[in-house]
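Data block below; observations after.
Source: prediction; values computed, not measured. Atom set for the values below is all heavy atoms of this structure, side chains included, hydrogens, waters and symmetry mates excluded. Whatever order the structure lists them in is the order used to number ligands and atoms, beginning at 1. We're numbering straight along the sequence, starting at 1.
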Amino acid sequence: MNKKSNNPQVQMVDLKSQYLRIKEEIDNAIAQAINNTQFINGSEVKKFSAELAQYMNCKHVIPCANGTDALQLAMMALELEPGDEVIVPVHTYVATAEVIALLKLTPVFVDVDPNTFNIDITQLEEKVTSKTKAIVPVHLYGQSADMESIMKLAQKHNLYVIEDTAQAIGADYVFSDGKKSKAGTIGQIGCTSFFPSKNLGAYGDGGALFINDDQLAEKLRMVANHGQKTKYYHDIIGCNSRLDTIQAAILRVKLRYLNDYNQQRNKVAEKYDDAFKDVEQLQIPYRADYSTHVFHQYTLKVKNIDRDTFKNELSKEGIPSMIYYPVPLHLQKGYSNYGYKKGDFPISEKLSETVISLPMHTEMEEETQEYIIEKVKKTIG
Ligand SMILES: *Cc1c(COP(=O)(O)O)cnc(C)c1O
């Protein structure tokens, strides 16, 4: 604990205070799930899936073990085969490309838009070849990618769209005709994660898939469950990926708060925006007109200052910050065999050196945020 009276303990994410605010509901839900002893596929799993489907306004929600699995299950259910090309932004969390590589598909990287941090749709079409089977847009930091353009291109070239919605659950995509859909329900399959720090976080691992097509949903259920529809009859090769009953019970409680949580994150973001919009060395997050933002991260770009020095100085003042992500995927050692080199994706490379994410969570106290803002401004000088 820092002893200085004007120095509140600042955390990147505050899951403890969030828990304490809903402790009774959560504790009851966990106790009930344990009392029922249906630890796998208990009734809470079905109920949570139905409630989330209603929230997302999609036909099927299929729960699974984590967000990475959700992506893998999607590619397995769509019967993507070794050698098939899958287009993916290079500025994202590794999971998106990892499952592509794991299934021996070929990740085809694309640079991102410098403002939205999402896949640059102007560079998308030139990546399409006769081997391309799917596009995986990532709704990074909490804002939807330009889905209307992506869907149009996908339809033109007969490609699947698998949305990585791990960071944007609850965000609304607004079509040009004014119609709204939840990010993650527009492509053939949407994938999300319930990792504890995500906007809808469990108390352990969890994930889910969003599907509107009945047949594809049935296939996905089989893939996630050892390739079986009837127990011990394995029609296809699948895997084992499930959401625990206890996690589903917790998530049912937290889903009721998701809109409040996302609103709280927006309040924090607006306060940061106001404080930093006129600071010359900082670029506040860009808001696309086709998406609401759920601020999984509040990510600034620094201008004409050294990001790492800035981060270190903040840390000395007791302000944590994070870099999402310090190395773009094409420059990661594990992905060096795909033939990319430094300079291939200049926007993402520049972002890896200039982005910095500030503390962002649902429990941010006003005085804590004022303290963060004061120290950020002081550090910049
Ligand atoms: C968190 C995350 C994932 C993976 O989710 P896990 O539940 O940790 O497997 C995938 N993609 C993105 C963009 C993420 O942020």
In terms of relative ring orientation, are Tyr298 and Tyr272 parallel, tilted or perpendicular, with 30° and 60° separating the classes? tilted
Plane angle bin for Tyr340 and Phe109 - parallel if under 30°, tilted between 30 and 60°, otherwise perpendicular: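 Geometry flag for Tyr340 against Phe109: tilted rings.
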Asp164 and ligand 1 - part of the residue with a heavy-atom distance under 4.0 Å: side chain
If you measure from each non-hydrogen atom of Leu140 to ligand 1, which part falls under 4.0 Å: side chain, backbone, both or neither? neither
Quick one: which ligand 1 atoms are inside 4.0 Å of a heavy atom on [X]?
X	result
Val138	13 (C)
Ala166	2 (C), 3 (C), 10 (C), 11 (N), 12 (C), 14 (C), 15 (O)
Gly67	5 (O), 6 (P), 7 (O), 9 (O)
Asn66	7 (O), 9 (O)

Which residue owns the protein heavy atom closest to atom 9 (O) of ligand 1, what's the atom, and how far is it? Thr68 OG1, 2.5 Å
I'd like to check Lys254 versus Tyr261 (side-chain heavy atoms, cut-off strictly below 4.5 Å). Are they in contact?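 In short, these two side chains touch, coming nearer than 4.5 Å.
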Val128 and Ile87, any side-chain heavy atoms less than 4.5 Å apart: yes
Modelled atom types, side-chain donor and acceptor of Thr129 and Glu85, under 3.5 Å: yes
Mind checking whether Lys198 has a heavy atom under 4.0 Å from ligand 1? yes
Please enumerate all residues that pass side-chain hydrogen bond (donor to acceptor under 3.5 Å, both in side chains) together with Thr309, with sequence neighbours excluded.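 Thr309 satisfies side-chain hydrogen bond (donor to acceptor under 3.5 Å, both in side chains) with Asp306 only.
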With sequence neighbours left out, write down each residue that passes side-chain hydrogen bond (donor to acceptor under 3.5 Å, both in side chains) with Ser336, or none if nothing qualifies. none
Look up atom CG in Asp146 and atom NE2 in His139, then write down how far apart they are to the nearest 0.5 Å.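 Rounded to the nearest 0.5 Å, the CG-NE2 separation comes out at 11.0 Å.
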Backbone or side-chain N or O of [X] under 3.5 Å from ligand 1 N or O:
X	result
Tyr93	no
Ser193	yes
Gln167	yes

